[in-house]
**Student:** 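Here it is: the structure, laid out below.
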Amino acid sequence: MGLSIALVLLPELGTLEAQRIQWTLKSSRRGDLPPPGESTQQTAAIVGDFNGDGLIDFVIGCRQTAPALIWYRRKADGWDRIVIEPEYLTIEAGGAVADIDGDGDLDLVAGGDYQSNQLWWWENPSPQFDPNVPWKRRTIKKDGKTQHHDQVFGDFLGRGKPQLAFWNQQAKTIFLAEIPPNPRELDAWPLIPVYSGEAGEGSRDTFKYPEGMSACDIDADGQVDLLAGNTWFKHLGDGKFKPTRIAEIGGLIQAAHFKPGKYPQIVIAPGDGTGPLRFYECQGDPTNPDDWKGRDLLDRPVVHGHSLQVGDINGDQRLDLFVAEMAQWSGRNHPPDNPDARAWILFGLGNGQFLKTVFLQREGWHEARLVDLDGDGDLDLLNKPYTWDTPRIDIWLQNGTGPLKGR
């Protein structure tokens, strides 16, 4: 059985809707699901319906020891653990999914860290899933500079099919890769450099590389745009992009309509560093940096806030934010770097304002995902700490679990 708790709220900001939410913890530390392996450095958390049963599964990426990728497939009473990549790879944070080979199922992308100059994709073998047979791994990028922290798919070129955008941190470059007609036959995809330079990193308390990546139609022209670090990028044609800086400090970046208006608003949180959680809205031309105005959403900096998710958590048809801090980013055997790490839920009021609640304290978070993990129609939380109390996976189920769909 899982541990059930009520949402922990800041007293002055509690709401009836928030207080009614109950969360049930399922943790590998309690035997509720199997741990991913022996690695104490858990880097990637990637979600998707990989077997087409209508239920969202998740994949955990690890470095330090094999296996490198582990798939958790939802079943009626929990999750199966299936190894996708049994070999040792230095998987970086990030990851993305798309139907790369056009066969109707989701394939998986992940990149190498500072030790690797490679970016890979794994072919989904659906419907023939054999736990003893790993997924076929192929390369997208096999040379150049190292570190590939964050990827996203989107039709940034307006071709009617998605392309892959990814950071190459040690090159300080964002690349765009069109899926080739014969992806199974190539070991390197053609790359278009989108941008080279800084993207909000390098401030006093931040790490020295850019990170964060997502996709949204920022200027309301009907075409999806790329967001990365502290900048959004508009495609001008012929593979050329115009960067518009939104903020001084970059990091994890998400865009959505938190209030009515022509243009979405943008939220930025620090990833591997310390800085504000800040909300930006356009008050004029979205391609003019001066027309983006920001305000802080918390009264203190976020310390290594490597989790930023958007979704309607309480079902009121208004978008909310989940933000959480890492407890540890140094060596596994060190005391926690941030022992009072917090996780917040900011309930959106539909007008760009939020009710701030503390979800949990003194727990480490990294690459958290806000997604329906049990198929009952509400949003749950997946947490995979980086190196705090690892190997470990925590799942927080909202309001229990209803009848499973798709099985």
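Worth knowing before you read on, the calculation uses all heavy atoms, side chains too, and leaves out hydrogens, waters and symmetry mates.
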**Student:** Is any side-chain heavy atom of K172 closer than 4.5 Å to a side-chain heavy atom of E201?
**Tutor:**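 The answer is yes, as the side chains (C-beta and beyond) meet within the 4.5 Å cut-off.
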
**Student:** Is E281 salt-bridged to K293, going by a charged N under 4.0 Å from an acidic O?
**Tutor:**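 No.
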
**Student:** In this structure, is the centre-to-centre distance between the rings of F322 and W365 below 6.0 Å?
**Tutor:**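 For W365 and F322, the ring centres are under 6.0 Å apart.
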
**Student:** Strictly distance-based, threshold 3.5 Å: is any side-chain N or O of Q42 a donor or acceptor partner for the main-chain N or O of R392?
**Tutor:**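 Yes; at least one donor-acceptor contact below 3.5 Å.
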
**Student:** Using a 3.5 Å distance criterion without hydrogens, assess whether the side chain of D291 forms a donor-acceptor pair with backbone atoms of C282.
**Tutor:**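 Looks like no, no N/O pair under 3.5 Å.
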
**Student:** Has D296 got a side-chain atom pairing as donor or acceptor with L298's backbone, closer than 3.5 angstrom?
**Tutor:**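 Flag not set: sc D296 to bb L298 has no pair under 3.5 Å.
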
**Student:** Supply the atom-to-atom distance I21 CD1 to W396 CH2, rounded to the nearest 0.5 angstrom.
**Tutor:**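 So the CD1 of I21 and the CH2 of W396 are separated by 13.5 Å.
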
**Student:** For K240 and H235, work out which heavy atoms get closest and say how close.
**Tutor:**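 Looking at all heavy atoms of both residues, the closest pair is O-CD2, 3.2 Å.
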
**Student:** Assess whether a salt bridge exists between D299 and K356, defined as any Lys/Arg side-chain N lying under 4.0 Å from an Asp/Glu carboxylate O.
**Tutor:**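 K356 and D299: not salt-bridged.
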
**Student:** Less than 4.0 angstrom from a charged side-chain N to a carboxylate O is my criterion; do E325 and R300 meet it?
**Tutor:**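 Between R300 and E325 there is a salt bridge, with a charged N closer than 4.0 Å to a carboxylate O.
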
**Student:** Using a 4.5 Å cut-off on heavy atoms from C-beta on, say whether the side chain of V267 contacts that of F258.
**Tutor:**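 Of all side-chain heavy-atom pairs linking V267 with F258, at least one is under 4.5 Å.
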
**Student:** Please check: side-chain N/O of T146 versus main-chain N/O of Q115, any donor-acceptor pairing under 3.5 Å?
**Tutor:**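 Between the backbone of Q115 and the side chain of T146 there is no qualifying donor-acceptor contact (under 3.5 Å).
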
**Student:** Does S28 use its side chain to pair, donor to acceptor, with the backbone of I393 at less than 3.5 Å?
**Tutor:**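 Judged by distance alone, yes, a pair lies under 3.5 Å.
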
**Student:** More than 12 non-hydrogen atoms from neighbouring residues, nucleotides or ligands closer than 6.0 Å to CD on E38, yes or no?
**Tutor:**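 Atom CD in E38 is not crowded, with 12 or fewer foreign heavy atoms closer than 6.0 Å.
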
**Student:** Counting N and O atoms only, with roles assigned by atom type, does the side chain of N383 sit under 3.5 Å from a partner on the main chain of A368, one being a donor and the other an acceptor?
**Tutor:**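 Answer holds: no.
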
**Student:** Does the side chain of N230 come within less than 4.5 Å of E198's, by heavy atoms?
**Tutor:**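 No, side chains not in contact.
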
**Student:** Describe, in one word, how the ring planes of Y72 and F58 are oriented to each other, choosing from parallel (under 30°), tilted (30 to 60°) and perpendicular (over 60°).
**Tutor:**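 Correct class here is parallel.
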
**Student:** Would you check, one step at a time, whether the test side-chain hydrogen bond (donor to acceptor under 3.5 Å, both in side chains) holds for H149 with E211?
**Tutor:** CA-CA 6 Å; H149 189 307; E211 61 183 324; 3.3 Å; yes

**Student:** Testing D225, D221, D217 one by one against K234 for a salt bridge (Lys or Arg N to Asp or Glu O under 4.0 Å), which residue passes?
**Tutor:**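 Result: among D225, D221, D217, D221 is the only option passing the salt bridge (Lys or Arg N to Asp or Glu O under 4.0 Å) with K234.
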
**Student:** Quick one, L370 with V310, criterion side-chain contact (heavy atoms from CB on, under 4.5 Å). Give me CA distance, side-chain angles, the key distance, then yes/no.
**Tutor:** CA-CA 7 Å; L370 182 63; V310 176; over 6 Å; no

**Student:** When you look at Q328 and D389, which way does the side-chain contact (heavy atoms from CB on, under 4.5 Å) test go after all the steps?
**Tutor:** CA-CA 9 Å; Q328 192 164 22; D389 198 24; over 6 Å; no

**Student:** Do the rings of F50 and W135 sit parallel, tilted or perpendicular, given the 30° and 60° boundaries?
**Tutor:**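 Rings of F50 and W135: perpendicular, over 60°.
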
**Student:** Check the pair F129, W71 against ring pair (Phe, Tyr, Trp, His ring centres under 6.0 Å), reporting the backbone distance first and the verdict last.
**Tutor:** CA-CA 11 Å; F129 296 110; W71 173 28; 5.0 Å; yes

**Student:** Mind listing the closest non-hydrogen atom pair of P134 and I84 along with its distance?
**Tutor:**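 Result for this residue pair: CB-O, 3.3 Å.
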
**Student:** Rounded to the nearest 0.5 Å, how far does SG of C216 lie from NE2 of H257?
**Tutor:**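 So the gap between those two atoms works out to 6.5 Å.
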
**Student:** Ignoring hydrogens and angles, tell me if any N or O in the side chain of T390 forms a donor-acceptor pair with the backbone of Q41 under 3.5 Å.
**Tutor:**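 Absent.
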
**Student:** List the steps and the verdict of side-chain hydrogen bond (donor to acceptor under 3.5 Å, both in side chains) for D155 and Q163.
**Tutor:** CA-CA 6 Å; D155 185 11; Q163 303 89 46; 3.0 Å; yes

**Student:** Which value, rounded to the nearest 0.5 Å, describes the distance between D107 atom CG and R138 atom CZ?
**Tutor:**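 Here the rounded value is 9.0 Å.
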
**Student:** Is there side-chain contact between L69 and V83, with at least one heavy-atom pair below 4.5 Å?
**Tutor:**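 Counting from C-beta outward, L69 and V83 never come under 4.5 Å.
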
**Student:** As an exercise, state the distance from CG of D340 to CZ of R362, rounded to the nearest 0.5 Å.
**Tutor:**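 The CZ atom of R362 is 5.5 Å from CG of D340, to the nearest 0.5 Å.
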
**Student:** Please answer whether the main-chain N or O of A45 pairs with a side-chain N or O of R369 as donor and acceptor at a distance below 3.5 Å.
**Tutor:**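 Between the backbone of A45 and the side chain of R369 there is a qualifying donor-acceptor contact (under 3.5 Å).
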
**Student:** Are the side chains of L89 and W120 in contact, using a 4.5 Å heavy-atom criterion?
**Tutor:**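 Yes, their side chains come closer than 4.5 Å.
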
**Student:** Any chance you could measure D380, atom CG, to D372, atom CG, to the nearest 0.5 Å?
**Tutor:**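 The distance works out to 5.5 Å.
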
**Student:** How far apart are the C-alpha atoms of L346 and L277, what are their side-chain angles, what is the distance that settles it, and do they pass the side-chain contact (heavy atoms from CB on, under 4.5 Å) test?
**Tutor:** CA-CA 11 Å; L346 282 71; L277 174 68; 4.0 Å; yes

**Student:** Side chains of M213 and L226: does their closest heavy-atom pair fall under 4.5 Å?
**Tutor:**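 Contact flag for M213/L226 side chains = yes.
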
**Student:** Inspect the contact between K26 and D394 and indicate whether a charged nitrogen and a carboxylate oxygen are less than 4.0 angstrom apart.
**Tutor:**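 Salt bridge absent between D394 and K26.
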
**Student:** Could you check F175, W189, Y195 and say which one makes a ring pair (Phe, Tyr, Trp, His ring centres under 6.0 Å) with F166?
**Tutor:**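 Of the listed residues F175, W189, Y195, the ring pair (Phe, Tyr, Trp, His ring centres under 6.0 Å) partner of F166 is F175.
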
**Student:** Looking at every non-hydrogen atom in both residues, tell me the closest pair between L157 and Q223 and how far apart they are.
**Tutor:**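 Reported closest heavy-atom pair: C-NE2, 3.8 Å.
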
**Student:** The test is ring pair (Phe, Tyr, Trp, His ring centres under 6.0 Å); show your working for Y280 and W232 and say whether it passes.
**Tutor:** CA-CA 12 Å; Y280 296 89; W232 78 275; over 10 Å; no

**Student:** Nearest heavy-atom pair of G212 and W167: which atoms, and what distance?
**Tutor:**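 Looks like O-NE1, 3.1 Å.
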
**Student:** Look at the side chain of K141 and the backbone N and O of N117, then say whether any donor-acceptor pair between them is shorter than 3.5 Å.
**Tutor:**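 Side chain of K141 to backbone of N117, a donor-acceptor pair under 3.5 Å: yes, one is there.
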
**Student:** Is a salt bridge present between R73 and D80, judged by a nitrogen-to-oxygen distance below 4.0 Å?
**Tutor:**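 Yes, R73 and D80 are salt-bridged.
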
**Student:** Looking at every non-hydrogen atom in both residues, tell me the closest pair between C62 and P36 and how far apart they are.
**Tutor:**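 Closest pair (atom of C62, atom of P36, distance): SG-CB, 4.5 Å.
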
**Student:** So how far is it from D32 CG to L397 CG, rounded to the nearest 0.5 Å?
**Tutor:**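 Answer rounded to 0.5 Å: 9.5 Å.
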
**Student:** If we only count heavy atoms from C-beta on, is the Q22 to T24 side-chain gap below 4.5 Å?
**Tutor:**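 They are not in contact (no side-chain heavy atoms under 4.5 Å apart), so the answer is no.
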
**Student:** Please assess T387 against T40 for the test side-chain hydrogen bond (donor to acceptor under 3.5 Å, both in side chains), listing each intermediate value before the final yes or no.
**Tutor:** CA-CA 5 Å; T387 193; T40 60; 4.5 Å; no

**Student:** Scan H148, Q151, Q147 and name whichever one has a side chain to side chain donor-acceptor pair (under 3.5 Å) with E92.
**Tutor:**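 Among the candidates, only Q147 passes.
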
**Student:** Under 3.5 Å, is there a donor-acceptor pair between the side chain of Q265 and the main chain of Y263?
**Tutor:**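 Judged by distance alone, yes, a pair lies under 3.5 Å.
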
**Student:** According to the interplanar angle, ranging from 0 to 90°, do the rings of H366 and Y386 count as parallel (below 30°), tilted (30 to 60°) or perpendicular (above 60°)?
**Tutor:**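 H366 vs Y386 ring planes: tilted.
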
**Student:** Just do the side-chain contact (heavy atoms from CB on, under 4.5 Å) check on I179 and K161 with the steps written out, would you?
**Tutor:** CA-CA 9 Å; I179 300 173; K161 56 184 179 180; over 6 Å; no

**Student:** With the side chain counted from C-beta on, respond yes when L191 and N168 share a heavy-atom pair under 4.5 Å apart, and no when they do not.
**Tutor:**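 No, side chains not in contact.
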
**Student:** For the residue pair I253 and S214, what are the closest heavy atoms and their distance?
**Tutor:**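 That closest heavy-atom pairing would be O-OG, 2.9 Å.
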
**Student:** Mind telling me whether W23 and F359 have parallel, tilted or perpendicular rings, with 30° and 60° as the class edges?
**Tutor:**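 Ring orientation, 0 to 90° scale: perpendicular.
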
